[in-house]
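The structure displayed is predicted, hence computed values, not measured ones. By convention in this document, chain letters (A, B, ...) are assigned in the order of the sequence lines, proteins followed by strands, and residues within each chain are numbered from 1.
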Amino acid sequence: DVKVTQSSRYLVKRTGEKVFLECVQDMDHENMFWYRQDPGLGLRLIYFSYDVKMKEKGDIPEGYSVSREKKERFSLILESASTNQTSMYLCASRTPDRDGTEAFFGQGTRLTVV
Amino acid sequence: GDSVTQMEGPVTLSEEACLTINCTYTATGYPSLFWYVQYPGEGLQLLLKATKADDKGSNKGFEATYRKETTSFHLEKGSVQVSDSAVYFCALEKNFNKFYFGSGTKLNVKP
């Protein structure tokens, strides 16, 4: 089974802290994604990565950065956490395929910024 | 730009009722279409997909048909169970690129 593992299920951080969310996948997938999920807004793409050291901004990159030094790991960084970044964060990975390959998701990290 | 619109919830049904969750999309070209399901406390998992017009995706009694003429991909099930209670997301993907998700529809099934 494909496994996408996010390092924490729940996190509580203070305003202004630098926050790292880690995601690891074990299926050698080229693409990795970070989304945030908010009620009524669905999933919004923050950043995605085509391959190692390659990244592209999604729809809401402000206040976030990412790092992908190894193929299996994709980190989301909140440079200076703010209360409006309180959300559920979902990581996903996949290998792109002409037949529309599915994305596999981690269980999510619920981040609260106080 | 590309986008997905799905009906707002929550949808509340009794067990064994019929389900339809509407999904329409806007996209140029030929996207692939997906339905994902999120059970309480979990991440999203693929429910079904269709990659070209008139394809029907099916899984666990759920079905959806890719209708290019109406740009729709409605999710249907003939008889829902309590265990189907979850949030359902419609999504599209194109050119090996990023996914676009709808806002999600919460389904509550009562015994």
J.: How about CD on B/Glu16, more than 12 heavy atoms from neighbouring residues, nucleotides or ligands closer than 6.0 Å, or not?
T.: no
J.: Side chains of A/Gln37 and B/Gln38: do they bring a donor and an acceptor to under 3.5 Å?
T.: yes
J.: When heavy-atom pairs shorter than 4.5 Å are enumerated against chain B, which of A/Leu45, A/Leu43, A/Thr95 gives the highest number?
T.: A/Leu43
J.: Tell me, yes or no, whether the heavy-atom count around A/Arg44 atom CZ, taken from other residues, nucleotides or ligands under 6.0 Å, exceeds 12.
T.: yes
J.: For A/Glu56, which atoms come within 4.5 Å of any heavy atom of chain B: side chain, backbone, both, or neither?
T.: neither
J.: Using only atom types and a distance under 3.5 Å, with no angle test, would you say the side chain of B/Tyr36 pairs donor to acceptor with the backbone of A/Ala103?
T.: yes
J.: Of the backbone (N, CA, C, O) and the side chain (C-beta and beyond), which part of A/Leu41 lies under 4.5 Å from a heavy atom of chain B, both, or neither?
T.: backbone
J.: Is it true that, when you exclude B/Lys106 itself, more than 12 heavy atoms of the residues, nucleotides or ligands shown sit nearer than 6.0 Å to its NZ?
T.: no
J.: Specify the closest pair of heavy atoms between A/Gly40 and B/Ser103, including all atoms of both residues, with the distance to one decimal.
T.: O-CB, 3.7 Å
J.: Need one label for A/Arg9: side chain, backbone, both or neither, based on atoms under 4.5 Å from any heavy atom in chain B.
T.: side chain
J.: Are more than 12 heavy atoms from other residues, nucleotides or ligands located less than 6.0 Å from atom NZ of B/Lys110?
T.: no
J.: Verify the neighbour count for atom CD of B/Gln45: are there more than 12 heavy atoms of other residues, nucleotides or ligands below 6.0 Å?
T.: yes
J.: Identify whether A/Tyr50 and A/Val24 are in the same connected component of the hydrophobic contact network (ILVMFWY, side-chain heavy atoms under 4.5 Å).
T.: no
J.: Once rounded to the nearest 0.5 Å, what's the spacing between atom CZ of A/Phe104 and atom CG of B/Leu44?
T.: 13.0 Å
J.: Could you check which of B/Ala50, B/Gly41, B/Gly9 has the highest count of heavy-atom pairs closer than 4.5 Å to chain A?
T.: B/Gly41
J.: If hydrophobic clusters are built from ILVMFWY residues whose side chains come within less than 4.5 Å, do A/Val66 and A/Val19 share one?
T.: yes
J.: Aromatic contact between B/Phe99 and A/Tyr35, with the criterion being ring centroids under 6.0 Å apart: yes or no?
T.: no
